[in-house]
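The structure appears below as structure tokens.
Chain letters run A, B, ... following the sequence lines, proteins first and then strands; every chain starts at 1.
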Amino acid sequence: MAGTAGETPELIKVHSGAVEVPYDWHCGPYWSRFFRGLRDEKKIYATKCPSCGRVYIPPREVCGPCFARMDEWVEVGPEGVIEMFTVVRLPYTNPSTGEPLSVPYTDVYVRLDGADTSLMHWLDETDEKKIAVGMRVRAVFRDKRTGTMHDIEHFKLI
Amino acid sequence: MARRTAIVGIGQTYHCARRDDVNGQELINEAVTRALEDAGLTMKDIDAIVIGNMDHFEAINYVDGWSVDGSGAFMRPIMKLTTGGTSGMTVATAGYYHVASGFFDVVLAIGWEMNSSSDTTAAITTCCQPLIERDFFAGAIGPLAAEYTAYIKRFGATEEDAALVSVRDHNNALNNPHAHLRTRITVEDVMKSPVLCYPIKLLDMCPRSDGACALIYACEGKAEKLAPRPAWVHTIAGSRDFVYMGEPFQHEELITLERASARAYKRAGITDPLKEIDVMELYLPASTTGVKWMESLWVCGRGEAPRLIREGVFNMDGQLPVNPSGGPLATNPIGATAMIRVGEAALQIMGKAGDRQVPNVRTALATAFGSCSWSDVTILRDTKP
């Protein structure tokens with residue numbers, strides 16, 4: 001080895017610096033219709049399985065358990081029930097922007113009225129003592145909408 | 001009919017928060033060298049290699065290529081596999097398949113991770129679909145924390161129940177020279193530690209570690225010569241479920257683990273896992289999962305896990321010791337974490353677990369977990385299948 005007795009050889013670490021790789025992600029017809037519904041109608045659209053009848057949000061082409069193609073669209077929400085939640089206090093890096101995320105924020109898993117799955121989004125309350133599983137919430141839409149999940153600003157307790 | 005196959009060698013590195021004394025290839029070589037020593041083999045005896053990790057933690061792709069000198073793969077077949085948190089058991093499973101298929105006699109499986117290379121939670125978050133859920137998904141911690149709020153609501157479990165699991169695993173790790181965290185803790189320490197994502201606190205959550213693990217699988221005829229007490233693979237079962245975090249079945253039980261373990265028990269002829277399994281090495285990324293997921297392993301009914309935990313059933317001196325090694329709460333080099341579960345289960349069968357040895361282990365179970373709620377199960381025994 002390079003070092004001799006009594007010396008501690010220097011160990012070198014190299015920092016990458018900020019790495020930014022832009023990507024293009026394709027939404028396909030199902031997510032596109034979902035996002036158009038949020039943007040143009042302030043409505044939340046889901047797909048229903050012709051085999052098991054389960055209503056899926058976010059909408060998708062195939063019901064996984066049945067491996068059946070879904071063609072039926074149904075409107076769900078904009079109200080629903082908190083199925084579970086967490087108040088995030090751990091600061092970490094937003095991998096989509098490279099910027100630190102602002103904490104605390106609250107993730108809620110909302111079982112929208114008429115849906116059989118839950119939608120993950122933010123709740124505008126970060127005091128866990130004021131939040132409980134089973135509480136009813138409503139989607140708050142932004143005034144300026146661009147066809148993304150953030151056309152819903154957050155959910156609020158009713 | 002698959003060829004009978006056993007684990008005959010286990011190698012683990014020194015695991016800690018930051019292995020800045022080695023690069024990735026050197027870390028891998030440390031595990032490989034130790035596994036070969038453990039089995040009394042040299043690289044000449046290895047017919048094929050399987051390796052895996054989660055590339056996005058280091059942002060260097062193709063470990064099967066760049067690690068060749070250190071992994072021993074020069075002029076040998078090597079295959080890389082990545083499946084998320086389950087990667088280590090997927091790689092171990094592939095090592096088993098390589099031998100059981102009859103194509104190779106002695107195969108090396110390697111799982112590794114240099115988690116200190118990046119912000120682990122940010123990197124994990126990239127597993128989530130960027131257009132639908134990524135912005136709302138706080139890495140591994142967020143959904144695990146959220147699912148425990150649903151479990152608390154349904155069954156009246158408490159944060160203290162989870163803390164008991166954390167205390168058990170952390171204090172078990174005191175007996176494991178390979179554990180990253182080796183500090184005695186109390187329920188009070190857990191409850192007073194900072195909240196990461198309510199209701200999960202710092203001492204409820206696994207650390208991120210740098211480390212690697214290597215296993216050597218050998219066929220019947222060779223395994224008995226290489227190890228006085230080989231750990232025979234009886235069955236491996238895995239299940240995957242949904243694409244999104246908010247799908248049904250996920251929140252109050254872990255359906256993938258229920259299905260995978262039920263299948264594994266059936267194949268291994270196990271009807272009462274609490275009585276028939278001698279030790280479990282479980283991929284418990286958070287203490288809360290050590291409460292809720294016990295029910296998905298069929299060792300108790302729905303909502304009964306908190307009582308069993310309070311009674312100490314899964315402690316080292318209990319009926320079914322869980323995580324004598326300390327589990328992921330003590331050591332978590334993510335691409336190796338699930339392989340360490342298999343390796344620790346094998347050590348228990350082989351009677352080589354040192355201070356963390358459970359007496360008279362004949363049947364051992366290991367699990368792996370990866371998001372979005374994937375589960376794998378391996379059952380090892382001291383007898384041939």
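Side-chain atoms of B:Ser87 and B:Thr90 form no donor-acceptor pair, as typed in the model, at a separation below 3.5 Å. Looking only at atom types and distance, the side chain of B:Asp119 has a donor-acceptor partner in the side chain of A:Thr93 under 3.5 Å away.
At a threshold of 4.0 Å, the pair A:Glu128-A:Arg89 counts as salt-bridged, since one of the basic side-chain nitrogens sits closer than that to a carboxylate oxygen.
Interface remark: of the candidates A:Val133, A:Val108, A:Val103, A:Val133 forms the most heavy-atom pairs closer than 4.5 Å to chain B. Of all the listed residues (B:Asn23, B:Thr120, B:Asp135, B:Asp21), the one sharing the greatest number of non-hydrogen pairs under 4.5 Å with chain A is B:Asp135.
Interface remark: A:Tyr105 contributes side-chain atoms only to the contact with chain B (heavy atom separation under 4.5 Å). Within the 4.5 angstrom heavy-atom criterion, no atom of B:Arg240 approaches chain A. Contact annotation for A:Ile57: only backbone heavy atoms (N, CA, C, O) come within less than 4.5 Å of a heavy atom of chain B. Neither the backbone nor the side chain of B:Leu202 comes within contact range of chain A; no heavy atoms are under 4.5 Å apart. Of the atoms belonging to A:His15, not a single heavy atom falls under 4.5 Å from chain B. Heavy atoms closer than 4.5 Å to chain A are found in both the backbone and the side chain of B:Pro143.
Between B:Trp374 and B:Phe369, the ring center distance fails the sub-6.0 Å criterion. The aromatic ring centres of A:Phe85 and A:His121 sit 6.0 Å or more apart.
A:His150 and B:Phe136 have tilted rings, their planes meeting at an angle from 30° to 60° on a 0 to 90° scale.
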